Amino acid sequence: MSKERKFFIETFGCQMNELDSEKIAGNLRHKGMEPAGEATGADVIILNTCSVREKAVQKVYARLGEIRKLKSERQDLIVGVVGCMAQLEGERILKKVPYVNILAGPQKGHVIADLVDRAADSRSPAIDLRMDEDPEPLETAFVLRESRWRAGVTISEGCDRCCSFCVVPFTRGKQRDRDSANIVREVRDLVGQGYLEIVLLGQTVNAYRDPSVAGLTFAGLLRKLAEVEGLKRIRFTSPHPNEFDDELLDAMVSCPQICDHVHLPVQSGSTRVLRSMRRGYTREKYLSTISRIRRAPRPIAVSTDIIVGFPGESEEDFRDTLTLLDQVQYDSVFSFKYSPRPNTEALELGDDVGDEEKGSRLTVLQEQQRLIQYNRNAAYQGQIVEVLVDGKARSRFALAGRMSNNRIVNFDGPESLLGHIVKVEVAGFSANSLKGVWIQQ
Ligand code: SAM
């Protein structure tokens with residue numbers, strides 16, 4: 001029955017969700033379904049959702065509103081809402097959107113095809129929102145990947161931290177780690193298929209502890225993966241500042257395959273706010289980690305996440321975040337307005353920084369960071385850099401590639417360069433990217 005169906009998956013949120021969607025696609029294809037090019041041509045539409053901020057949840061409801069039209073034209077269209085928002089909102093989604101046929105939490109990629117069959121055979125929705133009592137397998141047999149040269153690899157699921165603003169522990173559960181031998185085998189297979197870059201994914205990726213007798217630390221795992229012949233680049237996201245130890249930095253310095261970029265979420269520059277966020281470090285401790293990274297014999301780019309308008313964030317606290325930006329000189333920053341989330345501890349603190357004030361703090365912060373990035377990118381003018389050619393540029397240029405330090409370089413060249421590592425001379429820059437000229441070899 002499922003053999004004739006075509007599916008379309010829309011992903012909201014982070015890199016981990018993108019990989020989860022590839023796992024869902026792998027499961028659906030294994031069960032005989034085929035990807036549809038667009039939602040209108042699909043028999044099954046899956047929205048793989050995020051719940052980290054309220055805006056992400058609203059986006060999904062807005063999209064479901066659009067899908068209603070498709071559903072009214074085709075009663076047999078199967079609509080699934082899966083992932084973090086499904087886990088968090090649960091059956092409330094069905095009350096608001098009664099035409100949803102499937103609800104499933106994250107880590108249910110391997111059962112989505114069964115849920116599709118169940119939903120098709122029944123008038124009532126197919127639901128799998130169980131957590132903990134029935135832990136899902138960490139190994140995934142089928143992954144249908146978007147890219148042929150960069151692959152995400154899950155090393156752990158869930159999170160044991162309890163940052164007071166964060167909903168992730170409630171949607172993805174406690175941290176569970178994969179056996180290192182399985183991770184190494186997956187990476188070897190991927191390299192055998194021609195993949196050049198591996199992105200190791202975990203909510204707190206550097207809290208990884210190998211459950212097998214090998215007992216590798218995260219740094220040990222990185223070193224082991226660096227031995228895989230033919231693997232050109234290893235990235236990882238996101239590490240927690242507290243576990244960013246010397247062992248990890250040493251591994252980065254001594255294994256050239258590990259990209260020279262660290263995404264180290266700080267969230268705030270104020271120790272008072274950090275305490276209230278339950279981040280487990282002070283401004284000073286975070287800065288001393290940054291100094292260690294800056295002193296490394298190999299230059300390592302640093303990016304971060306920042307939340308503005310956390311409950312109780314005063315003008316002075318916010319100024320601490322701005323001075324932190326000046327001190328660290330990040331290569332890029334993702335910044336967000338605080339969004340109160342269900343179940344989280346910070347809910348009890350209220351949401352006392354108004355939306356307008358959050359907006360103006362965000363603007364000030366982003367403008368300051370734009371100047372920092374502009375100046376940092378200026379230093380690349382005239383340099384010859386290596387990029388992994390990734391795809392079409394969003395600009396007037398034909399191609400875009402990514403440096404090991406995660407900078408994007410736009411340049412002209414033939415499509416045959418896609419998926420190759422090539423040299424480019426930097427001939428221009430903006431705050432967000434570099435422009436280059438391909439050096440033919
Ligand atoms: N475990 C990941 C980490 O620490 O990098 C967190 C992933 S979360 C998807 C990415 C970012 O979203 C966080 O680093 C934080 O800046 C932001 N975020 C999380 N909860 C938030 C909230 N309630 N309001 C606003 N931003 C939030």
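As the structure lists them, so they are numbered: ligands from 1, and atoms in each ligand from 1. The structure presented is a predicted model; accordingly, all values stated were derived computationally and were not measured.
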Any nitrogen or oxygen of R341, main chain or side chain, under 3.5 Å from a nitrogen or oxygen of ligand 1? no
Atom 13 (C) of ligand 1: of I306, D305, T344, the nearest heavy atom sits on D305
Which atoms of ligand 1 have any heavy atom of S238 under 4.0 Å away? 3 (C), 5 (O)
Crowded around K71 NZ? As in, over 12 foreign heavy atoms under 6.0 Å? yes
At under 4.0 Å between heavy atoms, is it the side chain or the backbone of V52 that contacts ligand 1, or both, or neither? both
In terms of side-chain heavy atoms, does D355 have a donor or acceptor partner in Y338 at a distance below 3.5 Å? no
Ion pair present between D351 and K358, side-chain N to carboxylate O less than 4.0 angstrom? yes
Give the numbers and elements of all ligand 1 atoms closer than 4.0 Å to a heavy atom of P265. 5 (O)
If you scan protein heavy atoms around atom 1 (N) of ligand 1, the nearest is Q203 O, 2.8 Å
I need the atoms of ligand 1 closer than 4.0 Å to a non-hydrogen atom of Y338, numbered in the order shown. 24 (N), 25 (C)
Check: E10 side chain, N48 main-chain N or O, donor-acceptor pair, under 3.5 Å: no
How about F236 and H263: are their ring centroids closer than 6.0 Å? no
Can you see whether F336 has R53 sitting over its ring - NZ or CZ less than 6.0 Å from the centre and within 45° of the normal? yes
N or O pair under 3.5 Å between F165 and ligand 1: yes
What atoms of ligand 1 come closer than 4.0 angstrom to any heavy atom of K337? 24 (N), 25 (C)
Considering only protein heavy atoms, which is closest to atom 24 (N) of ligand 1, and at what distance to one decimal place? S339 N, 3.0 Å
Check for me whether V168 has a heavy atom closer than 4.0 Å to any atom of ligand 1. no
So is M16 close enough to ligand 1, meaning a heavy atom under 4.0 angstrom away? no
Show the nearest heavy-atom pair for residues Q203 and C159, with the distance to one decimal. CB-CB, 3.9 Å
Which segment of R53 sits under 4.0 Å of ligand 1 when only heavy atoms are counted: side chain
How about F411 and F397: are their ring centroids closer than 6.0 Å? no
Close approach, C14 and ligand 1, non-hydrogen under 4.0 angstrom: no
Please name the residue in the list L64, I127, L47, I67 that meets the side chain to side chain contact (heavy atoms under 4.5 Å, CB included) test with V100. L64
Proximal ligand 1 atoms for Q267, defined as those under 4.0 Å from one of its heavy atoms: 13 (C), 14 (O), 15 (C), 16 (O)
Quick one: which residue pairs count as a side-chain hydrogen bond (donor to acceptor under 3.5 Å, both in side chains) with a foot in residues 246-262, not counting sequence neighbours? T217-E247, R223-S254, D246-R292, D260-S404, H261-S303
